[in-house]
Every structure is written in structure tokens, then in C-alpha cells.
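So the structure is just underneath, and the comments pick up after that.
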Amino acid sequence: MAIVFYDSLRKKRTKFESMNPGIVKMYTCGPTVYADAHIGNFRTYIFEDLLRRTLKFLGYKVIQVMNLTDVEDKTINASNEQRVPLQQHTAPIINRFFEDLDTLKIERAEYYPRATEHIPLMLDLVKKLIDNGYAYESEGSIYFRIEKFKSYGKLSGMKLDKLVRGARVDADEYEKDDFRDFALWKAWSEEDGEVGWDSPYGRGRPGWHIECSAMSMRYLGDEFDIHTGGVDNIFPHHENEIAQSECATGNKFVQYWLHSAHLMVDGMKMSKSLGNFFTLRELIAKGYSTRSIRYVLLTSHYRQQINLSGESVLAAKAALERLDTLRHSADEGAGAGEIRSDLAKSIKESELHFTRSIEDDLGISGAMAALFELVSAVHRFSNKSPLNQKEGEALLNFWKKVDSVLSFLFPEQKELPLEVLESVQIRLKARLDRDFSLSDKIRDDLASKGFQIKDTREGTIVIWVQGRELVK
RNA sequence: GGCGGCGUAGCCAAGAGGCUAAGGCGGAGGUCUGCAAAACCUCUAUUCAUCGGUUCGAGUCCGAUCGCCGCCUCCA
């Protein structure tokens, strides 16, 4: 079967073929580290995680680059306000960013290049653009002349003559030949303070767009397979990247562009400027489990806006509990016997359905449906006759396999406190003695401490926050 | 104003011309159970924003209308 992606450049679903067999090179626009990323930002990083994991699931080796923008207006302003050197301001934010990635089980990319460590490469690119006649100098700054790039606007659909002057007027705008031109290199100004690098054009710092062109080429080459980001990056950021890169190299920059839709709050885009944002840490403090958050962010199609709400997190929790029942059933598999054909068939169908869905533009809904269908099938099957050991193992193996894509099927198991285990044992004995007033008292007691007790056919389950233990 | 996306059950959400419109949450009834929960079974869209059109056949294609969102300024 073929992998299909919706390509923002072609504006249609397109069969994916990597440039090098078996290898996918992808560049994923990363955070600007002037403040902690909010959960809307992570929506995109989770989409990219799904893309990466899916490609690996389908047999590709993935080389992923995610940039860390550690120098631009906001990082400079923030460090100035706090009167600390730039790096001292960005370093802790970067550390927290990586912690949040881990919390959300986002797999690490191969490279996380920082803009400040690639200035010479950017200057090389700027020089190339000047030499090729696409850029010009004006008062120490270098601008890209967009009318020289005939296909400017091909990604966003913007028509050059339809571009309107924005509400905000750049201080340096009068220096440009054309207001639509964008900066490749910005001359040092008073507000930049300590921040600046020497260049043939004088002291200055890179424009925002040039870093992605320079760093993607450095780690992935002049041409690579996939470039991603949020839809808000399409214009002007990605449009400008294409212009710079293709004018500098003469090659087609990127083969496939994938963009994720926004996370919404009360019908509006979550954004720092609107102030309607939450960080991951804030959501955790509200009592949302990271597993549920990952579920919500991952199981909505990446081109569909998500409305994150308490309700959606609660629904996620319920859905996860249902998924967990498959693992519990599998754990119960015991005894001799081969895998029976009905069950083998269900697993095979689920895997096929899962794969077909996920390779079709990351069709996560269909992929999840495939898993829920297996859960139902397994319960129907095991209700008739208990699973044997091999069957339990087969289910767990399949679950592990799809979890390489999802990474929320196996919650972290916490050790239950000894006193809880003891209480559970006492309660089990009480139930055997049919002393139900005692057993119910213990159940209520544990519930008040945050441990929910459920008696199943297989034994007693203790649910504790995100962990879940089976006690026999 | 220009560009892009979306409108499918109470809620979330698949579907990309043709088997009975996936799946999840929630809800109703039943089986099981000391009770609770879980699990299982059954039910919960004659219809896909509206109106036209193309077609033997449309939720799916075309046109118009209404509504929502994003981008056009830094933004994931």
C-alpha cells in the first residue's frame, strides 16, 4: 500500500515517495525559546511525533531536525528585560522544553540545532543570495527581493500584488526597496544590546527565516523530503524559506509540506498574544493526566482543529480505560494451547486496518477504530473461553507494536504503597468470608485515599491516578 | 477584500462516486455480580448546513447561499 500525505504545496493528497529509498529526511519547525511552549505548540510537536513514529512503523529510517530559535526579537527583548545574557535566558526554557517533550512521550529528533550556533552558515547563504542577485543591502541590513523570485507565493497562494501592508509598521521598513521584502540579516540596533555577530555588512543578527534554510540544509541537504509546522507558519515563514533556499541553491527545497491545524480554546486559536493559553505544567496542575493529554492531542487528525476541554480529557480517560481492558485480558492469558484461528484473524484484521488508516495521511481515527474493534473482539472471544498464554502474548506483542506509534497504550505502572496492598488483601479475605460490611468499608476507605477498587472476574483491580495494578 | 480549511447523531469523529453512513464518549434496556465497577448483548443518523446541478448512482464531484475557523503582522 502507498503512503499518502496531504501536501500543502500541491494542495491535495499526494503519494509519498522518499528521495532515498528507506530514508526520510524531515525538518520540523521548532519553538522560539523566549517563553515556555504552551499546549497548542505541543499539538504540532505531537503531530510531528506521530509522523515520525508512523514512518518508522512503516519501515523508514527517519532523520529529523527540529530547530531551536534562540535569537530573534522576543528572545532578545526578554533577556534585556531580565538583564541577563541571551543564553542565560534561553537555557532554562530549552531545558524545560525537553522535559515537556519527555512528559508527553514525544520521541527525540536526531538534531536540535540552535540558531546561535549556526550564524556562519546563515551568512554563507546570505552571501549566495546577494551573489545571485536576489538580495540587497540597505543600511547594514540585507533584504530578499521577492519580486525576483517568480514563484513567490506558491505555497500560501498569496498573490504578490494582493499583499496588503500590515497594521504594524516595522521601524526598519523605510529601508526596504519594497515593503514586502523580508530581512535576511538585521543590522545591529541599540535594543540588541550585547547580542550581535560580525559580518561583511557590519554587526548584526540573522532574520528569522534564514535560520531554518541554513540549518535544514546543513543537516538534511539542499533538498529533502518533508517539512512541517503549524498552519500559521505557511505565510510568511515557509514561503520565505522556499524563496531563500531555492534561490540560493537552484534546487527544489522540499518535496512535501505538511501543516497541522491549531488547538482551539472557546472557538479561538490558542496563542500567547490572545493570552488564552495553558502550558503543559498548568494542565497537569489542574489534574489532567499526561496520558490523557497525549491521547487528546494525538487522536485528532492533524489537519483538524482541536478543542481542548475538560470534557475532551475526560472522554480520553474513559477511552483509555477501555483500551486498557485488552491489556488486562491479555495478562490473564494462561495455560497451554496454540493461538486459535478466530483470535489470530482478529489481530491480523486489526493490524491491517490500523496500517491502512495510518498510512493514509496519518488517519488516526481509523487506526484507533481498528484497535477498539480488536478490544471488542477479544472480549467476545475470551468471554466464551479464557485466553491461553500464547494468545495473551500475541495480543501484548501486537499492542506493543502499535504502541510504537501511539505511545499511550502502556501507562507507567506505579508501585502501590504497602499499606494499600495489605488493605486489599484483608478485603479479599473478608469477601471470601462474606463479611461484606468490612470489605465495603475498606473499599470506601481506599477510595477516599484515591485508590479505586474494582472486582473483576479475573481479580481485584486498584486504580491509582494514572497507574493500575492487578492484585490477585 | 485576497488565500486556505471546515460544517456528518446529545458531544468528539471517520468517510475522497457504488457492499447495511467506521470508531470513541455519553445515554437507555438486559446478562453477570453480595453490592459497586468492569465486561458482554441490544438500542441511540432513512440521512450528512441549505438550495440547485452533473451522474444509472453523491455525505463524497460542480455552482450558489448561510455559518464557523485560520492566514494575510510575531505566532505551532
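All chains are named by letter (A, B, ...) in the order of the sequence lines, taking the proteins before the strands, and each is independently numbered beginning at 1.
Under 4.0 angstrom from either OP1 or OP2 of B:G5 there lies at least one side-chain N or O belonging to A:Tyr6. In terms of phosphate contacts, A:Lys269 brings a side-chain nitrogen or oxygen within less than 4.0 Å of OP1 or OP2 of B:C71. Within the 4.0 Å cut-off from OP1 or OP2 of B:G5, not a single side-chain nitrogen or oxygen of A:Gln304 is found.
Checking side-chain atoms of A:Tyr302 against main-chain N and O of A:Leu258 turns up no donor-acceptor pair under 3.5 Å. Between the side chain of A:His301 and the backbone N or O of A:Gln304 there is no donor-acceptor pair closer than 3.5 Å. The main-chain N or O of A:Thr279 is never found under 3.5 Å from a side-chain atom of A:Asp36 such that the two would form a donor-acceptor pair. In this structure, the side chain of A:Asp403 does not engage the main chain of A:Leu406 through any donor-acceptor pair within 3.5 Å. Using modelled atom types, one side-chain atom of A:Asp181 and one backbone atom of A:Ile146 make a donor-acceptor pair closer than 3.5 Å.
Comparing A:His38 and A:Arg303 by the nucleotide of RNA chain B that holds the closest heavy atom to each, the one mapping nearer the 5' end is A:Arg303.
Heavy atoms of A:Gly153 sit nowhere under 4.0 angstrom from any nucleic acid atom. In this structure, A:Ile453 reaches the bases: a heavy-atom distance under 4.0 Å links it to at least one base atom across the strands shown. At a threshold of 4.0 angstrom between heavy atoms, the contacts of A:Gly40 include nucleobase atoms, whether or not backbone atoms are also involved. Using a 4.0 Å heavy-atom distance criterion, A:Ser156 is classed as a sugar-phosphate-only contact.
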(request) Encode nucleotides 21-35 of chain B as B, S and - characters from 5' to 3', where the letter depends on protein heavy atoms closer than 4.0 Å: B to the base, S only to sugar-phosphate, - to neither. (result) -BSSS--------BB
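Pairing for B:C43 is with B:G27, a Watson-Crick or G-U wobble pair whose two hydrogen-bonding atom distances lie under 3.5 Å. Under the Watson-Crick or G-U wobble criterion, with both distances below 3.5 Å, B:C48 has no partner in any strand shown. In this structure, B:C32 makes no Watson-Crick or G-U wobble pair, since no nucleotide meets both defining distances under 3.5 angstrom. Across all strands shown, B:U55 has no partner, as no Watson-Crick or G-U wobble contact with both distances under 3.5 Å is found. Pair check for B:G1 finds B:C72; Watson-Crick or G-U wobble, both atom distances under 3.5 Å. B:C6 is paired with B:G67 under the criterion used here, namely a Watson-Crick or G-U wobble arrangement in which both key atom distances are under 3.5 Å.
When each of B:A76, B:C74, B:C40 is scored by its nearest atom to the side-chain atoms of A:Glu72, the top-ranked nucleotide is B:C74. For A:Lys11, whose side chain is taken as the heavy atoms from C-beta onward, the closest listed nucleotide among B:C74, B:G4, B:C41 is B:G4.
The only option from A:Ile93, A:Leu101, A:Asp100 that meets the side chain to side chain contact (heavy atoms under 4.5 Å, CB included) definition with A:Phe97 turns out to be A:Leu101. Partner of A:Leu343 under the side chain to side chain contact (heavy atoms under 4.5 Å, CB included) criterion, chosen from A:Asn388, A:Leu374, A:Leu387: A:Leu387.
If you take atom C1' in B:U44 and the same atom in B:C6, they sit 26 Å apart, rounded to whole Å. Between B:U65 and B:U55, the two C1' atoms lie 23 Å apart (nearest whole Å). Rounded to whole Å, the P atom of B:G59 lies 12 Å from the corresponding atom of B:U47. Across B:A49 and B:C35, the matching C1' atoms stand 48 Å from one another, rounded to whole Å.
In summary, the aromatic rings of A:Phe182 and A:His237 are positioned with their centroids too far apart to meet the 6.0 Å limit.
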